[in-house]
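Keep in mind that this is a model prediction, so the values were computed, not measured. Because only heavy atoms are used, hydrogens play no part in the values below, and waters and symmetry mates are left out as well, while side chains stay in.
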Amino acid sequence: MGKKLTQGMIEQYREKGYVSPVDVFSAAQAADYLAQLESFEASQGRQLTKGFNFKPHLLFPWVAEIARHPAVLDAVEDLIGPDILLFHLSVWPKNPHDPAYINWHQDATYFGLDPSTQVTAWVALSDASVEAGCMEVVPGSQKLGQLHHGQNHTDNILLSKGQTVDVPFDRSHTEFMPVSAGQMSLHDTFLIHASGPNNTDRRRVGLGFSYIPASSRCVSKTRLTASLVRGRDYGNFDLEPAPMVANGEAERAFHEDAVRRFRSANDELAATY
């Protein structure tokens, strides 16, 4: 029995590469977080989507709060141990009846982590049903290790580089991971997954937190930033400060530098793939 996950959930994660759903906070709390996100979007006149969706935990205390939520970190600790860094974070919104989707990929692609251990906690701020375009996975595919990806640059693909598995794999049996507002799913860095468009009348919004053991390092030439969220640091990243105020001047400056470094490392690693 783990801190948050049952032994059965931990065994499912090891065997299938994912576990879902896991309760984090109430639907009312999720609605409050979503309202804060959408209030900022309205103030900026644009949505937190492709090209504008990286590392919001450096800008907003409420996102940093979720990143450090005991229910999230206890579950992550059950899978990767007590010393935890938040390596990356992306916002994943899908508007009602929008054709945007995410194609088949593995999160590890272009991360360049050594070791490759990484778990994604996908926290729902609104309901993510099958109809709304929740994640679809190939259970057990994490055992294949890193597969080759190509890049598919089309407007409707939400991934920054259109990362797409371009070698054959068996998807004759897939499973969906629907989650309600306030719940999360957890999946392995090598799990092959995708998600379809939102065919409902409501916006679907989730936050994808990428957690790694604090002992990990990135092999890129660019030194990256990361947030120590539990345990001790090993000095392999420049540590990110939690934001003191929402979208403050100092917060924006650090966020801009951190995102620039992440994109630079991503480009560097993609060029070698």
Side-chain angles (χ1 to χ4, degrees), residues 3-4 22 24-25 29-30 33 36-37 40 48 52-92 107-108 110-125 160 184-189 205-220 222-266 269:
K3 284 189 170 182
K4 174 68 174 177
V22 179
V24 180
F25 40 72
Q29 181 64 77
Y33 287 141
Q36 292 186 66
L37 181 149
F40 173 74
L48 290 171
F52 190 54
N53 65 332
F54 285 170
K55 294 184 176 289
H57 62 289
L58 300 179
L59 293 174
F60 308 112
W62 67 268
V63 184
E65 180 178 282
I66 299 174
R68 293 165 173 79
H69 195 291
V72 175
L73 294 183
D74 284 352
V76 172
E77 181 174 337
D78 289 339
L79 300 174
I80 65 172
D83 300 323
I84 305 171
L85 292 173
L86 175 61
F87 173 70
H88 190 54
L89 167 59
S90 299
V91 185
W92 297 112
D107 289 348
Y110 313 142
F111 274 5
L113 293 170
D114 180 24
S116 57
T117 304
Q118 178 255 321
V119 57
T120 298
W122 200 96
V123 179
L125 301 188
S160 60
M184 70 177 174
S185 61
L186 300 162
H187 67 267
D188 184 88
T189 194
V205 181
L207 303 173
F209 297 85
S210 298
Y211 292 103
I212 62 175
S215 56
S216 298
R217 66 186 187 90
C218 184
V219 301
S220 69
T222 303
R223 184 173 171 86
L224 298 183
T225 67
S227 293
L228 181 66
V229 292
R230 178 169 286 185
R232 68 186 183 96
D233 178 44
Y234 287 69
N236 294 327
F237 297 84
D238 289 342
L239 293 184
E240 300 168 340
M244 301 301 293
V245 298
N247 200 37
E249 182 177 353
E251 285 77 5
R252 291 195 303 272
F254 192 93
H255 174 262
E256 181 179 356
D257 179 63
V259 171
R260 178 192 58 77
R261 293 199 222 178
F262 181 79
R263 292 188 186 279
S264 176
N266 203 246
L269 293 165

Checklist entry - What's the verdict on side chain to side chain contact (heavy atoms under 4.5 Å, CB included) for Lys4 and Val24, showing C-alpha distance, side-chain angles and the deciding distance? => result CA-CA 10 Å; Lys4 174 68 174 177; Val24 180; over 6 Å; no
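- The distance from atom CD1 of Ile66 to atom CD of Gln29, rounded to the nearest 0.5 Å, is 7.5 Å.
- In terms of heavy-atom proximity, Leu113 sits nearest to Ile212 at CD1-CG2, 3.6 Å.
- The nearest pair of heavy atoms linking Pro213 to Leu85 is O-CD1, 4.5 Å.
- Contact of the Arg261 side chain with the Ser220 side chain is not registered, since no non-hydrogen atoms from C-beta on lie closer than 4.5 Å.
- Note that the OH atom of Tyr234 and the CG atom of Asp83 stand 4.0 Å from one another [nearest 0.5 Å].
- Looking only at distances, a side-chain donor or acceptor of Arg252 sits under 3.5 Å from a matching main-chain atom of Asn247.
- Looking only at distances, no side-chain donor or acceptor of Tyr211 sits under 3.5 Å from a matching main-chain atom of Glu77.
- Between Phe254 and Thr225, the closest side-chain pair of non-hydrogen atoms falls below 4.5 Å.
- Under a 3.5 Å cut-off, the side chain of Glu251 and the backbone N or O of Met244 do form a donor-acceptor pair.
- Counting only heavy atoms from C-beta outward, the side chains of Phe60 and Leu37 never approach each other to under 4.5 Å.
- Judged purely by atom type and a 3.5 angstrom limit, Ser210 has no side-chain atom pairing as donor or acceptor with the backbone of Phe87.
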Checklist entry - Could you walk me through whether Leu269 and Val219 pass the side chain to side chain contact (heavy atoms under 4.5 Å, CB included) check? => result CA-CA 9 Å; Leu269 293 165; Val219 301; 4.0 Å; yes
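- If you take OG on Ser216 and CG on Asn236, they are separated by 8.0 Å, rounding to the nearest 0.5 Å.
- In this structure, Asp257 does not pair ionically with Lys55, as no charged nitrogen and carboxylate oxygen lie closer than 4.0 Å.
- To the nearest 0.5 Å, the span separating CG on Leu89 from CZ on Phe262 amounts to 10.5 Å.
- Nearest heavy-atom pair, Arg68 versus Ala242, reported as atom, atom and distance to 0.1 Å: NH2-CB, 4.1 Å.
- Here the rule is ring-ring contact (aromatic ring centres under 6.0 Å, His included) with Trp62, and of Tyr33, Phe25, Phe40 only Tyr33 fits it.
- For the pair Asn53/Trp92, a side-chain contact is recorded, criterion being any heavy-atom separation below 4.5 Å from C-beta on.
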Item to check | Pair His187-Asp107, side chain to side chain contact (heavy atoms under 4.5 Å, CB included): steps then yes or no | outcome: CA-CA 9 Å; His187 67 267; Asp107 289 348; 2.7 Å; yes
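- For the 3.5 Å distance criterion, the side chains of Gln118 and Thr120 qualify, holding a donor opposite an acceptor.
- Side-chain contact check for His57 and Glu240: at least one donor-acceptor pair (N or O, by modelled atom type) lies under 3.5 Å.
- Across Cys218 and Phe237, no two heavy atoms sit closer than the pair N-CZ, 3.9 Å.
- Side-chain contact between Val91 and Pro56 is present, with heavy atoms from C-beta onward closer than 4.5 Å.
- Looking at Val72 and Val22, their side chains never come closer than 4.5 Å, going by heavy atoms from C-beta outward.
- Atom OG in Ser215 sits 9.0 Å away from atom CD1 in Ile80 (nearest 0.5 Å).
- Looking only at side-chain heavy atoms (C-beta outward), Leu79 and Asp188 stay at 4.5 Å or farther from each other.
- In this structure, Phe54 CZ and Leu59 CG are separated by 13.5 Å, a value rounded to the nearest 0.5 Å.
- Heavy atoms only, all atoms of each residue included: Ser264 and Thr222 are closest at OG-OG1, 3.3 Å.
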